[in-house]
Protein chains: 2
Amino acid sequence: MIRIGIYGYGNLGRGIEAAIRQNPDTELVAVFTRRDPASVRIATDGVTVAHADTVKDYIGKIDVMVLCGGSATDLPTQTPTLNEYFNVIDSFDTHAKIPEHFKSVDSVSKKAGTTALISAGWDPGMFSLNRLYASAILPDGKDYTFWGKGVSQGHSDAIRRIEGVLDARQYTIPVEEALAAVRSGVSPTLTTREKHTRECFVVAEEGADLERIEREIKTMPNYFADYDTTVHFISMEELKRDHSGIPHGGFVIRSGKTGLSAEHTHVIEYSLKLDSNPEFTASVILAYARAVYRMHEKRLTGCYTVFDVPPAYLSPKPYTELIATML
Amino acid sequence: MIRIGIYGYGNLGRGIEAAIRQNPDTELVAVFTRRDPASVRIATDGVTVAHADTVKDYIGKIDVMVLCGGSATDLPTQTPTLNEYFNVIDSFDTHAKIPEHFKSVDSVSKKAGTTALISAGWDPGMFSLNRLYASAILPDGKDYTFWGKGVSQGHSDAIRRIEGVLDARQYTIPVEEALAAVRSGVSPTLTTREKHTRECFVVAEEGADLERIEREIKTMPNYFADYDTTVHFISMEELKRDHSGIPHGGFVIRSGKTGLSAEHTHVIEYSLKLDSNPEFTASVILAYARAVYRMHEKRLTGCYTVFDVPPAYLSPKPYTELIATML
């Protein structure tokens, strides 16, 4: 049994808890929270909810600690700190800061003799793997990543900060024509605007200036100005009824050439269509938590990423069964 | 530089030769053939074509020998035999016999201290990897593999054996409705007939009984009887003009559920659209040849499959660049 700890109990932590039920070789030991543990109700009977401050009491009782905090402020300190005492896995997703985070975690785990895996999930994670595999197979080619259709939390938050907005939900949507062009193998050059559109569902305060809100959204630098953006004003009831899910997904496509005169074109495509972004991310993390456990058993200490993990380590099935049934 | 030998110079061997040109960290040392070497013309200047019988003269001069023979009779003996002297990679693709082949190769390489990787390519190969990743992530789910649109050499050969047939080309085609049902996440149960159709282009002898040929094709057990099959009679000129390519491809799709009550559905899809089946297979093999080289450098001896290879080993790029640009 792989003994799992969940550190942080939001959407991702709840997803890990649900995933543990689908993986009989894993068990949940404890959920750690910075809130008052008495106020946190979890879905698993008989499992302790402990205060984050007491985490050191669990040294030796947890094989892999799953960090479920945010990339902006939580993980840069939590992952290295906890890695001194536990094998850890996180879903650090600020792409530009991954090398820095890697170094910081690696120096801790190498010293402590623990194992860490950072940036598990689907992007970074499964999408990264597919970019790597496809580029290694087709060196003469070009990569494209499209996201959506799905909810962007960051963009939804940006809209909520506008005066007169009560709540909002933003969907990132890949442009069908761009997808079709990439799939055709022509390796088009695509601008930001040509790849994705943004659709916003906004609940405004009564009497708010809707025209101003729409203008502020559409001209917001970085978030919306470079995109074709659609704004729909809806009621709070409609938002709750029609937009409470957290779907997401996307596409990683590489087209490339082979042959003595680059005469043959190939298209490799990986896509995800997810009803629940946090639950899918949690499912990827739990499979990689199994790998962390196995790598630690093989005395592979230090920090790793999905790029380092032999695929067989992710599966609970014996190797002989894998090659007999899946290869 | 990774020094590569090509053992067998058919479509796959030529594909390896072309792929080596796209991978500057690899170089072709020699091509081995069972034909008269003087009769074999290769595309690379200054590289030896040697008789297969002289292969032992190259011990120590080749880092990875790429075996390009067939799975039926060549590889079961060639891979273990050559593995005594060389690190080897093959594309053994008789799925049912992979465990047996694995054992036979593994016992040689463990004794000889060499490294082997069997069954590289796309199915087995990239498709296998995607079945493994998807099933580890979504344990509560169902897998589907579709092939095509592409040329099946085995089915084309079966038609050619019918009396009165001069030549033939058979395409395996996935059924769009079946693909759509699987993508919708409903996990349908599909019969053989519901998943693929077969389309045959046949050149018949002058005066042959076309009705009989068509009947013999459509009722042929194992090959066609379980499928909806279409037969087109065409001229030799048309066959050469319109059907001389070797395209292939396919889809690996897994849909699965997550959540405390399995309330969320996810669909993971991997697909390939290939202009040239042998050149793409060769491109996969060459990336894994790089991995074999690296594994041997780390003293990882014995037989391996794509399930054992850390993805980073496939890329010529340094790890720091991979995590900075692809993760």
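Below, chain A is the first sequence line, B the second, and so on; all start at residue 1. As the structure is a computational prediction, the values presented were derived from the model and not from experiment.
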Tell me which donor-acceptor pairs under 3.5 Å the side chains of residues 296-304 of chain B have, and how far apart each pair is, sequence neighbours excluded?
{"unit_1": "B:H296", "atom_1": "ND1", "unit_2": "B:N87", "atom_2": "OD1", "d": "3.1"}
{"unit_1": "B:H296", "atom_1": "ND1", "unit_2": "B:T115", "atom_2": "OG1", "d": "3.0"}
{"unit_1": "B:Y304", "atom_1": "OH", "unit_2": "B:T301", "atom_2": "O", "d": "3.0"}

> If we only count heavy atoms from C-beta on, is the A:F307 to B:P310 side-chain gap below 4.5 Å?
Replying inline: no
> Does any heavy atom of chain B fall under 4.5 Å from the side chain of A:Y288, the backbone, both, or neither of them?
Replying inline: side chain
> What are the residues of residues 318-327 of chain A, in order of number, with any heavy atom under 4.5 angstrom from a heavy atom of chain B?
Replying inline: A:Y319, A:L322, A:I323, A:A324, A:M326, A:L327
>> Taking side chain as everything from C-beta outward and backbone as N, CA, C, O, which of these in A:S184 sits under 4.5 Å from a heavy atom of chain B? Side chain, backbone, both or neither.
In response: backbone
> In chain order, what residues pass the side chain to side chain donor-acceptor pair (under 3.5 Å) check against B:D242, with sequence neighbours excluded?
Replying inline: none
> Quick one: what part of A:P99 sits under 4.5 Å from any heavy atom of chain B, side chain, backbone, both or neither?
Replying inline: both
> What part of A:R21 is in contact with chain B, defined as an atom under 4.5 angstrom from a non-hydrogen atom: side chain, backbone, both or neither?
Replying inline: side chain
> Do any pairs count as a salt bridge (charged side-chain N to carboxylate O under 4.0 Å, His left out) and have a residue in residues 244-255 of chain A, sequence neighbours left out, and if so which ones?
Replying inline: A:D143-A:R254
>> Is A:I253 close to chain B through its backbone or its side chain, or both, or neither, when contacts mean heavy atoms under 4.5 Å?
In response: neither
> Which bit of A:V306 is near chain B, if near means a heavy-atom gap under 4.5 Å: side chain, backbone, both or neither?
Replying inline: both
>> Using modelled atom types and a 3.5 Å cut-off, is there a donor and acceptor pairing between side-chain atoms of A:E279 and backbone atoms of B:G259?
In response: yes
> Of the backbone (N, CA, C, O) and the side chain (C-beta and beyond), which part of A:F102 lies under 4.5 Å from a heavy atom of chain B, both, or neither?
Replying inline: side chain
>> If I measure from the heavy atoms of chain B, does A:D93 come under 4.5 Å with its side chain, its backbone, both, or neither?
In response: neither
>> Quick check: do B:Y133 and A:M126 have side-chain heavy atoms less than 4.5 Å from each other?
In response: yes
> Of the backbone (N, CA, C, O) and the side chain (C-beta and beyond), which part of A:S261 lies under 4.5 Å from a heavy atom of chain B, both, or neither?
Replying inline: neither
>> In the structure I gave you, are the side-chain heavy atoms of A:S276 and B:H266 within less than 4.5 Å of one another anywhere?
In response: yes
> For the candidates B:L314, B:L274, B:D140, which exhibits the highest count of non-hydrogen atom pairs separated by less than 4.5 Å from chain A?
Replying inline: B:L274
